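What follows is a short report on a single structure.
As a basis for the values below, the full set of heavy atoms in this structure was taken, side chains included, without hydrogen atoms, waters or symmetry mates. These figures come from a predicted structure and were not determined experimentally. Order of the sequence lines sets the chain letters (A, B, ...), proteins ahead of strands, with each chain counted from 1.
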Amino acid sequence: MDASTCPHIASVISTADESGSPLKKFREVVAWEVRRGQAVKNPAKRRKISAPTCGTCEIALHRPFVCLHCSYAGCWKSGHVSAHLKQSRHQFCADVKSGSIFCSECQDFVYHSKVDEIYLESTVAVEEEETRFQVSKKRREPYQVWHPTAEDTRALNNSVAIPCQGRRGLLNLGQTCFMNVVLQSFVHNPLLRNYFLGDKHNHKQCKVEEDCTCCEMDKLFTEIFSDETTAYGPINFLVSTWRKSAELAGYAQQDAHEFFISTLNHIHSNCRGSTNVSCNCIIHLTFAGQLQSDVVCERCRNVTSTVDPMLDISLELKGTDNTIAACLKRYTQPEKLGAKQYSCAKCGKGAQEASKRLSIKKLPPVLSFQFKRFEHKTADKSSARKIDSQIRFPAVLNMAPFTTLGMKSSEKENSYPGPAAMYEYDLFAVINHEGQINNGHYTNYARFEDEWYRFDDDKVTHATLSACLNSKAYMCFYVKRHLDYKPYMTPTYVLLRENEAVREKEKELERERERLKEQARRDRELEDSLLAMV
Amino acid sequence: MAPVTPAELDALQAQLTQRLLESGEWDRIKFILASKLNDSGWTDDIRNQSKERARTMEPLSFATLLEEMSAHSQTSMPLAVRKEIVALIRGYLDKQLE
């Protein structure tokens, strides 16, 4: 998949020995920039931030371009660095900030997947040195590149590659667009996709008798990533959903968000080893975050904190300033509790004035937002009103200001909430609803690698980011740009199995010892009785 | 106050740039600028325009794209954001020149 048209960078990369290579310098440059960025945000280190100067005009560089063959650094805009490359016959320079490489021969920025890999490796390696976990203060688990074993290589070599698009329409089975849009958001969800394409739940080997939603998901992914180009009708998925959630049954239009939550719960309950506390199923690994609620007593400033799990965030729409940032700000702002609602455990003087504030304690790898467009005045669904206003949402979302740690660090002077990589999310799917509550239609946008597509049941068309951002969103899905790894711990069920095996062995040894003792006792009795006869 | 020569202004600007960079203030202001531009939708707008322009450009050249997008990016910057950032820079400079 090397879309590189620059033969010069390709030949550099094919050279195995990196010691004299511009790639070695590139790694150093990337690492330097990450460290410099951390020094900026971490005021505890009150040293001067290094500011290189241009080798030609000597002005301090705010956007240095570094020659990958010598120690020259220079400005881009005034042409100093490209002049240096020409004069010294040096081939490559790199933009320190973005890690982009410029080829002097091609007179253009050039791309190679290997360069992207090196950039990512170098960045992550430096970030790992500097970030600590919140509670244990331990360092992050080092990222390890996957190397195929001989078995893996054999399996890969023996497999048959099939052409597939990964973008396939879904047939509307009768007002089922609410289901189709949610299924498309699952298909384009990198964590769910990797789980099912990685054969983690093989529907041919699953022991569940009937209506296993995980099997339905596995079948869905098989269909989407097949070589079929015609639309697919997820009939079994629909029927299975009806059987498990009676409230969603029938041919009437349903709410996509209800179907979303319901399906998440079905998948969770069908996953092997799922539990009700700290579940490790794919749904919880993907969607589960933690919401912290801090209640501050106005009188004694005592803070009571509670942490609740969350699978998604539902945002209220108020007034005219409707952007995700504004909605999240409202969601996490302090709210005064009525005097009757709270009595402080510490100063305990009966009903107190208190304020409550929500913040996100733990960010999930996939963040799902629902905009509460359907206002229910009463319990009767048909009396609801739809808020049809435009909501602005970004392609890149930084969640730091809405997290517990982020909010705390902005209040304290010398606190470092961690690198942006911990908080940055990329939009990958948007669900739209047009029309009124009872007779509307659902469609969705989804991103496949770097391109956006519009999905209208069986019709899939290429779209632009702009078209997606200008659509009226009902739900938005973001995926974290970098995943955080916990230090590896042997799963509980494996530990239990091992403990069982150890206990069995001990019992066996005990039985053996008893048997030998019994044998020895009988031998002695025999001896005694023989002696008695003499 | 004696009039300042262009050469002296250049030297002063160079010195202030260096101080901004070495104190980390440049990056902090840049971060705020980037956040505000993203919140306003400007970043996504520029990203989309550049991408769609590049899709049909033959031959594709960074220099041409940069030239075409530069002027527009400057003028389409939301006024409120521009004012805020200018105020931040001015605040820092005032402290430096006390």
Item to check | Taking every non-hydrogen atom, the tightest pair across A:R392 and B:G41 | outcome: NE-N, 4.0 Å
Checklist entry - So, the side chain of B:D44 versus the backbone of A:A395: is there a donor-acceptor pair under 3.5 Å, distance only? => result yes
Checklist outcome for this item: Here the gap from A:S100 atom OG to B:F62 atom CZ, rounded to the nearest 0.5 Å, amounts to 8.0 Å
Checklist entry - How many angstroms lie between CG in B:D10 and CD1 in A:I59, if you round to the nearest 0.5 Å? => result 7.0 Å
Checklist entry - Do A:R36 and B:D27 meet the salt-bridge criterion of a basic N to acidic O distance under 4.0 Å? => result yes
Checklist entry - So, do B:K51 and A:E451 sit near enough that their side-chain heavy atoms are less than 4.5 Å apart? => result yes
Checklist entry - If you count the non-hydrogen atoms of other residues, nucleotides and ligands that lie under 6.0 Å from CD in A:Q333, is the total more than 12? => result yes
Checklist entry - What's the shortest heavy-atom distance between A:L465 and B:N48, and which atoms? => result N-OD1, 3.5 Å
Checklist entry - A:L469 versus chain B, heavy atoms under 4.5 Å apart: side chain, backbone, both or neither? => result side chain
Checklist outcome for this item: Whatever's closer than 4.5 Å to a heavy atom in chain A on B:L60 counts as backbone
Checklist entry - What closest approach, in Å, do B:L21 and A:A51 show between heavy atoms, and which atom pair accounts for it? => result CB-CB, 3.8 Å
Checklist entry - Between B:T17 and A:A60, which heavy-atom pair has the shortest distance, and what is it? => result CG2-O, 4.1 Å
Checklist outcome for this item: Residues B:S61 and A:D108: closest non-hydrogen pair is CA-OD2, 3.9 Å
Checklist entry - Between A:T323, A:I324, A:V396, which shows the greatest number of heavy-atom pairs under 4.5 Å with chain B? => result A:V396
Checklist entry - So does B:Q96 have more than 12 non-hydrogen atoms from other groups sitting under 6.0 Å from CD? => result yes
Item to check | Top of B:A14, B:A63, B:S40 for chain A proximity - count of heavy-atom pairs under 4.5 angstrom | outcome: B:S40
Checklist entry - Below 4.5 Å, heavy atoms only, C-beta onward: do A:W76 and B:L66 meet side chain to side chain? => result yes
Checklist entry - For A:K97, is it the side chain, the backbone, both, or neither that has a heavy atom closer than 4.5 Å to a heavy atom of chain B? => result side chain
Checklist entry - Does B:R55 CZ have over 12 foreign heavy atoms under 6.0 Å away? => result yes
Checklist entry - More than 12 foreign heavy atoms under 6.0 Å from CD of B:E67: is that the case here? => result no
Next on the checklist: Which one wins on heavy-atom pair count under 4.5 Å against chain A: B:E52, B:Q15, B:E25?
Outcome noted: B:E52
Next on the checklist: Evaluate A:H62 against B:Q18 for side-chain contact (heavy atoms from CB on, under 4.5 Å), listing each step before the verdict.
Outcome noted: CA-CA 9 Å; A:H62 61 88; B:Q18 189 171 356; over 6 Å; no
